[in-house]
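A quick write-up on the structure given underneath.
Letters A, B, ... mirror the listed sequences (proteins, then strands); counts begin at 1.
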Amino acid sequence: MNLMTILSLLVSSTFVYSTPLIFTSLGGVYSENSGITNVGLEGIMTMGAFASVVFNLTFASSLGKLTPWLGLVVGGVVGMIFSLLHAVATINFHADHVISGTVLNLMAPPLGVFLVKAIYDKGQTENITQSFGYFSFPGLADIPVIGPIFFRNTSAPAWLAIVVSIALWWILYKTRFGLRLRACGENPQAADTMGINVYGMRYAGVLISGLLGGVGGAVFAQAISGNFSISTIVGQGFMALAAMIFGKWNPLGGMLASLFFGFAQSLSIIGNQLPFFNHIPSVYMQIAPYVITIVILVLFFGKSVAPAADGQNYIKSK
Amino acid sequence: MLKVKPKTKKILVPIISILAGFIVGALIMLVWSYNPIEAYSSMFTSALGNMNGIGETIREATPLIFTAIGFAIASNAGFFNIGLPGQAQAGWLTSIWVVLANQNLPKIVLLPLAIIAGVIAGAFVAGIAGWLRAQFGTNEVITTIMLNYIVLYSCQYLMQQVMSQKLRIDTDTTKTIAPNGSLRIEWLSSMFGDSRINAGIFLALIGAFLYWYLMKKTTTGFEIRSVGANPYASRYAGMSTKKNILYSMILSGGFAGFGGVVQGLGTYQNYFTQTTSLDIGWDGLSVALLGGGTAIGILLAAFLFSILKIGGLGMQTIAGIPYEIVSIVIAAIIFFVAIQYVIGLLFKNNKEKVPNSEAETGPATVSKTTTSEGGQG
Amino acid sequence: MENTANVIEMRHIVKDFNGFKANDDINLTVKKGEILALLGENGAGKSTLMSILSGLLMPTSGDILVQGQKVAVKSPTVAKDLGIGMVHQHFMLMNSFTVLENIILGHETVKGPKIDFKKAQQQIEALSARYNLNVDPKKKVSEITVAQQQRVEILKILYRGADIMIFDEPTAVLTPQEITEFIQILKELAKEGKSIILITHKLEEIKRAADRVTVIRSGKSVGTFDVADVSNNRLAELMVGRHVDMKLDKPAAKVGKTMLQVSDLQVKNKQGVLALKGLSFNLRAGEILGVAGIDGNGQDELARALTGMQHINAGKVVIDGEDMTNQKVRKITEHGVSYIPSDRQKYGLILPFSISDNLALQNYYRPPFSSHHVMHYDAINEHAKQLIEQFDIRTTGSDLPVSDLSGGNQQKVIIARELNLDSKLIIAFQPTRGLDVGAIEYIHKQLLLERAKGKAILLISYELDEVMQLSDRIIVLHDGNISGEVKPEKTSDEELGLLMTGVKKEGSALA
């Protein structure tokens, strides 16, 4: 295996494994910047994965190549609807954010499998026929060295994820919506006195996280797992949560951390094909994202990195 | 609006949550044209209708009691130990490993040794999170979630790469343990229709009693509850918050590890590779939340969820309704427990009036904190 | 007909919180260009009334007229559109945001989808210059002083074009000199045609700043007066509802041996910066040593270091002849130190616990309250009953959660617990914070009683009046140093104010 092949293999598999994490961690960033802790990302991804697979299986024959992309939309919408549970519980009903998020995680896998059984009368779905294949950017793919590594036979959703994270960074820090959203995560009471609709902004934060988490799950299902079962999403959502923390609650940080975790994940899977890496037990790569997150949290101690009012209910007096 | 005493309300909230959870399950079944009445009745008859079912239900409840107590101890100290699955898994693998590696020791030595080793393993995993919290203030929700996965993958690695081949059947399953390392009791199993019920249930009941005694009657429990309710005031009262954080997480993990031990030495008699976080961890969390963290509440909730889980298997075979409905009902119950504020709105507190004025100042002053009336800076 | 000179008219305002009437038929008018003081005790309903005017709360009944028109102030946005702006007592700022972001929040100018930060900055700089409110718009709020934060709050409402400005206890965090500056700013704003409502319980400030004063008591209107026509004593009576004797009966101190000796105390704060830069002082039995100063000049660290809550980086704390530097909290308590913390709910009480448990918080681990790690609740309840009677804690039972008690009774629980320890040294940090006059009097009397018993008392307070009334000697903290020591009978607010800002003064007033 020459260096070029190794590099392009590494980059493309890193991209594939990072994409679900990028979308989902961006969702976490938006929810938590609005002040709602979201440990339910795992459950949201599960619903997104379920919805996209069912959609894909149903419409692949009529929609063809477009199917997985529309599957993303469907996964996102279903994720968003599912996240409403979390929004209502935490924003209107004063629920503890961690408990409510845990309910999403408890609810999603059995609900998905129940529906699969109800629809297909078996415990897991067939494999989808229209998945995200490889994509080459016309023109860019021909650039020497860089082209083959980054732009030829690469993952289109990954590039979409990167563009989305830049856009979401810009929205969070440069627009009125972003400023107000962050205000609700920083000091909701003060935001209220400034005439900002705290409940509305927090709903926006949670629903955006539902949308993006659903998209993340849909990407995972349609690019990696290929079907839906009880063990489709196992830990991806928590890893996205870790990426959000590693990225200091910032969209660009979340994206970079996701790329790094995707790299570690792909090494644990394709490492045995690569020289040097085939000597490292894959367990190190598997646990790396989780260990790194703990280390980062310890190092951050005392520095305020999370939004100040993250996880706190705001109860408006009337 | 009903007027009830706060104590009555405490009991009504979980009861209403349970009913609401069952209704959610029924609605979902109705949407997909399953018959909920048939479902629930087949569920209860198969869980409680014969000795084997009862035995299995008790067996199912055993680890849940342990993991729920684990969650509740941390919760008393103000922590959300979401790492029960990892801690239980560590306890499970460790206890099985200890038994397999020392099969020829007498039961009186081997069984306690294996249990203690499993408990320590769970306590160690939780202790990491506790230590990080005490020493660096690291958020335990995140560390325990991360530790779940670290344990999950580490156990896979230990099974496949580290464990001696003599102790396992293949890379994913260990050999079955010898009777002198097992919690099974012959007469008990045969009494309950050859179910997998085991001595673990007696240990669980003792555990629940110890938990109650520890929290309500000892200075250690007083300190743990105090630190959980207000760490700042507790420090001013001379308590060591660091010590109590560490103690409570170690105790919490120890109980969770015990849950894994009874699962291994009692239920399965071996260990096999897990691909997802252990159910008994998540279910224990649910049990503790529904049980309101009290010993008696935990026992009742553990049995309820076990009825659902064991009965759910019967429901699937008898009524042909997917087993997953059980987990959906459980999740829905916890959802309603989480939004108990709303359930509480149905009832008005019938609280005795407390004099709220400073009488010595004459009739002039009322000092009542309202949402908007702040103190002077 | 409507009096058009009244910019604001609030008529028969009632606000009911689940049966508790925080406002009960209150009337208030504000004229254009005037400064109206709103006077009342803690809990009298001032903040509730103003929250209603600024759209944070809806009244249960009553009318609000702005410029003669009846309005419904349903939200802060409506209030803003009516030209009403409020500076809250606890600043409503985002610490991690810049000054600029804080000012424009909720009222952003946009260019396309993007916030026009440049234009906003120019507008803010213009406002700063016009009203003499200097503050750097690029700095984060966490990096500026409290007085500057207050300016940000004022700029915030000016930026929204407020004509009616409400200030809730604005001087609580300021030095006497800063208060003078602040009153100057208020007067200039009024001259520009702004109408100002000044919420306060400080009579002196009303005299200096306001044109008229509306007094409320227990949620009811007492009356409105021209400030020039009414004396301070009369105002105090109106506010409290009975004759108040502002003077405490304080016999001469009978000073004994040195109980607390602090030498070259250096303590770092959470950010690792020296918050106490080498304090030295001592305190003798039978005297009250007041520690004056503005919040944030090392008071927290001093209290925490003396009680063992915070690591001492250098220096020595000797209590009754024994070195207590960096000892454990419990060792210090057992050595004879009682502590009344500044924030009773955060540091003094375990709110969900019963009154009995809270009363036993300092000795639950010892017989008769426990033995061999087993709690004896009979003894704990007996102890509680005794203290409830002795300290006149108003409750229906010792098993109630302490959160059910009023603020004054919660403070009594702490006082009972701490004084019952019979310690040699009592550290009282803001012991009367947020309490009404009756409770304040009670606590002051208790402290003087302890002084008469020969206890050494360290009184750390931001309330200058309190320090002046109770202390035998006063030290002033500024920026982690003692900027001066004075005797209360030989000093003045002005001198203390200068010391609080770090201006050291040579001369006769120094003890």
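Only the side chain of B:Ser286 has a heavy atom closer than 4.5 Å to any heavy atom of chain A. For A:Val39, the part lying near chain B is the side chain, with the backbone staying farther off; criterion is any non-hydrogen pair under 4.5 Å. Residue A:Asn92 touches chain B through its backbone alone, counting heavy-atom pairs closer than 4.5 Å. For a residue to count as touching a neighbouring chain, one of its non-hydrogen atoms must lie under 4.5 Å from one of that chain's; by this rule B:Ile328 touches chain A with backbone and side chain alike. There is no contact between B:Glu140 and chain A, counting heavy-atom distances below 4.5 Å. Both the backbone and the side chain of A:Leu85 come within less than 4.5 Å of a heavy atom of chain B. Contact annotation for B:Ile339: both backbone and side-chain heavy atoms come within less than 4.5 Å of a heavy atom of chain A. Heavy atoms closer than 4.5 Å to chain A are found in the side chain of B:Ile82, but not in its backbone. In this structure, chain A has a heavy atom under 4.5 Å from the side chain of B:Gln156, while its backbone stays farther away. Within the 4.5 angstrom heavy-atom criterion, only side-chain atoms of A:Ile245, from C-beta onward, approach chain B. With a threshold of 4.5 angstrom between heavy atoms, B:Ile334 approaches chain A through its backbone and through its side chain. Residue B:Ala129 does not touch chain A at all, counting heavy-atom pairs closer than 4.5 Å. Only the side chain of A:Thr102 comes within contact range of chain B, with at least one heavy atom under 4.5 Å from a heavy atom of that chain. Heavy atoms of B:Leu152 lying under 4.5 Å from chain A are absent altogether.
The candidate from A:Ala288, A:Ala118, A:Gly123 with the greatest count of non-hydrogen atom pairs under 4.5 Å with chain B is A:Ala118. When A:Ser231, A:Pro281, A:Ser100 are compared by the number of non-hydrogen pairs under 4.5 Å with chain B, A:Pro281 comes out ahead. Interface remark: of the candidates A:Thr37, A:Asn105, A:Ile294, A:Ile294 forms the most heavy-atom pairs closer than 4.5 Å to chain B. Highest contact tally toward chain A, considering only B:Phe335, B:Tyr323, B:Tyr34, is held by B:Phe335 [criterion: heavy-atom pairs under 4.5 Å]. By number of non-hydrogen pairs under 4.5 angstrom with chain A, the leading residue of B:Val141, B:Ile142, B:Ile128 is B:Ile142.
When all heavy atoms are compared, the tightest approach of A:Ser268 to A:Met285 is CB-CB, 3.3 Å.
Inspection of the A:Tyr314 and A:Asp192 side chains reveals an N or O donor paired with an N or O acceptor under 3.5 Å. When only modelled atom types and interatomic distance are considered, B:Ser277 and B:Asn148 share no side-chain donor-acceptor pair under 3.5 Å. For the residue pair A:His97 and A:Asn313, a side-chain donor N or O sits within less than 3.5 Å of a side-chain acceptor on the partner. Checked by atom type, the side-chain pair A:Gln124/A:Lys117 shows no donor-acceptor distance below 3.5 Å. Side-chain contact, A:Glu186 with A:Asn33: no donor N or O sits under 3.5 Å from an acceptor N or O. At a cut-off of 3.5 Å, with distance as the only test, a side-chain donor of A:Ser25 or A:Ser258 sits close to an acceptor on the other residue. For the residue pair A:Gln236/A:Tyr17, the side-chain donor-acceptor check at 3.5 Å is not satisfied.
In this structure, B:Arg133 contributes its side chain and B:Asn139 its backbone to no donor-acceptor pair below 3.5 Å.
For A:Phe93 and B:Tyr341, the ring centers sit 6.0 Å or farther from each other. Ring to ring, B:Phe80 and B:Phe71 are close: their centroids are under 6.0 angstrom apart. Here A:Phe238 and A:Tyr290 keep their ring centres 6.0 angstrom or further from each other.
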